[in-house]
Amino acid sequence: MSLDLLVKNATLPDGRTRIDIACRDGRIVAVEPGIEAEAGRVVEAGGHLVSPPFVDSHFHMDATLSLGLPRMNESGTLLEGIALWGELKPLLTVEAVVERALAYCDLAVSQGLLAIRSHVDVCDDRLTGVEALLEVKRKVAPYLDLQLVAFPQDGLFRSPTAERNLLRALDMGVDVVGGIPHFERTMDDGARSVRRLCEIAAERGLMVDLHCDESDDPMSRHIETLAYEAQRLGLQGRATGSHLTSMHSMDNYYVSKLLPLIAEAGVSAIANPLINITIQGRHDTYPKRRGQTRVPELRAHGVTVAFGHDCVMDPWYSMGSGDMLEVASMGTHVAQMMSRDDMRYAFDCVTAHPARILGLEGYGLAPGCNADFVLLQAADRIEAIRLRARRLAVVRRGRVIAESAPALSRLSLEGRPEMIDPAAYAPAAGRAQG
Ligand code: FE2
């Protein structure tokens with residue numbers, strides 16, 4: 001058997017160790033111990049974790065890396081961010097958006113992030129962002145799956161040309177229907193927008209992913225309407241509520257009724273931990289609410305939950321680096337999900353769960369799957385998050401497309417080791433528990 005790539009001695013996310021992964025013609029052909037075969041390239045994993053690639057289910061690639069254009073967000077609020085983006089929009093050019101997006105995709109690939117769902121603002125009659133990101137999607141297709149959401153940032157009904165532009169964007173090839181019901185003029189308009197957007201998705205056989213209830217208002221309940229419309233229109237498994245931060249502030253009794261409705265309707269949930277923790281609670285003095293949606297409770301009801309990055313260096317967020325392990329780390333901290341099982345779940349919230357939400361085909365580490373994965377300088381999923389582990393190798397369709405040197409530090413201390421490897425610090429009780 002002649003292979004294109006053979007990975008030796010990997011640990012898998014499910015805890016299996018000393019596994020070899022054989023790849024041919026862009027696919028995984030075998031995952032088992034002790035594979036002996038000729039291969040164009042052999043990667044020695046050294047017992048480190050090999051995971052399917054990171055997936056970001058919620059991003060804004062039309063805005064990324066625009067930090068400071070035309071000015072900074074002084075208040076740090078969502079609403080100033082939207083206003084600032086409104087100032088920048090008329091100044092955007094297709095060329096500049098393409099250049100910034102491609103630069104971000106380079107960064108993403110270096111971090112093992114090989115699939116991104118990006119919202120693209122359609123409240124610009126020129127559809128600059130749509131044109132640019134469709135071009136980017138074509139350009140990056142060999143190494144990154146980019147899924148686009150038609151996002152009426154200024155409100156489907158609040159912005160006079162939003163619906164027409166949204167339909168134009170879908171006609172041009174944008175994949176998913178987006179929305180922002182909490183930004184419409186009234187609760188009623190918000191609910192109407194959810195209904196209309198779900199109908200568009202149902203008519204066209206598309207998925208729908210709404211920015212839903214991104215506020216601290218406990219009465220913002222568009223997720224209830226989204227769940228209702230998803231079950232009414234048969235969108236189970238194709239509908240997603242992004243952010244859902246109002247759930248953080250809702251009355252507990254109401255949430256106890258809401259969670260089963262979300263589960264019943266097959267609606268997925270995406271929290272954006274880095275953004276939620278910085279943008280929500282801005283009108284609080286003390287105590288300040290965290291704002292992140294109720295992740296453990298959604299999980300307990302069987303809802304698919306993912307963590308998104310949302311923003312990197314844009315009008316809403318000055319930081320970020322395309323590192324989904326940083327996202328997972330923040331998510332698990334904010335949700336106080338610190339059991340071993342919880343932390344493994346947080347890793348899945350930036351890998352397997354968003355892959356399911358995006359509907360990625362051939363995702364995973366089984367024979368027959370795409371030969372896409374990342375070798376991390378960590379022993380398991382928990383250590384990967386704890387260390388924000390270095391991506392030693394990133395593989396796409398059986399080819400190594402990015403590599404990083406291991407993180408090692410040289411010490412000059414008498415009687416102490418000369419070199420330390422952060423991944424070599426095992427929990428006292430041992431590891432190999434996935
Ligand atoms: Fe967003």
Side-chain angles (χ1 to χ4, degrees), residues 55-67 73 76-86 88-89 97 101 104 108 113 116-124 129-130 133 146-156 162 166 169 174-184 190 193-194 197 207-216 220 222-223 226 239-248 268-280 282 291-293 305-320 322 324 327 330-331 349-350 354 357-358:
V55 179
D56 184 359
S57 52
H58 189 111
F59 196 62
H60 294 266
M61 204 176 277
D62 49 356
T64 195
L65 305 182
S66 69
L67 181 68
N73 180 342
T77 61
L78 173 68
L79 295 182
E80 185 176 344
I82 293 175
L84 178 48
W85 175 240
L88 176 56
K89 252 192 284 191
V97 174
Y104 183 77
L113 171 52
I116 300 176
R117 173 182 280 184
S118 174
H119 296 253
V120 51
D121 190 355
V122 297
C123 291
D124 157 23
V130 172
L133 292 194
L146 178 58
Q147 189 177 80
L148 299 177
V149 186
F151 177 48
Q153 169 78 73
D154 299 332
L156 185 73
L166 180 133
V174 169
D175 310 276
V176 180
V177 180
I180 186 164
H182 56 275
F183 196 69
E184 304 290 350
S193 82
V194 174
L197 292 163
M207 293 187 280
V208 58
D209 182 345
L210 306 182
H211 282 65
C212 201
D213 305 319
E214 190 184 1
S215 78
D216 298 311
S220 188
H222 297 300
I223 178 59
L226 178 58
T240 300
S242 278
H243 290 293
L244 305 177
T245 52
S246 72
M247 276 178 68
H248 187 98
S268 304
I270 299 174
N272 295 294
L274 296 165
I275 309 310
N276 301 153
I277 194 71
T278 47
I279 290 210
Q280 301 309 312
R282 285 286 178 149
Q292 184 169 285
T293 196
V305 181
F307 292 149
H309 205 320
D310 202 2
C311 303
V312 170
M313 297 175 75
D314 69 10
W316 296 274
Y317 188 57
S318 303
M319 302 186 78
M324 296 308 292
V327 173
M330 182 61 78
C349 284
V350 293
I357 291 173
L358 267 65

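When a ligand or atom number is given, it counts from 1 through the structure's own listing order.
Between Lys89 and Asp154 there is a salt bridge, since a side-chain N of the basic residue sits under 4.0 Å from a carboxylate O of the acidic one.
The shortest distance between side-chain heavy atoms of Ile116 and Leu146 falls below 4.5 Å.
For the Fe ion (ligand 1), protein N/O/S neighbours under 2.8 Å (waters excluded) are His58 NE2, His60 NE2, His211 NE2, Asp310 OD1.
The aromatic rings of His309 and Phe59 sit perpendicular to each other, their planes meeting at more than 60°, with 30° as the lower class boundary. The aromatic rings of His243 and His211 sit tilted, their planes meeting at an angle between 30° and 60°.
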Verdict with reasoning, His58 to His119, per ring-ring contact (aromatic ring centres under 6.0 Å, His included): CA-CA 7 Å; His58 189 111; His119 296 253; 4.4 Å; yes
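Pairing each heavy atom of Asp56 with each of Asp310, the nearest pair is OD2-N, 4.3 Å.
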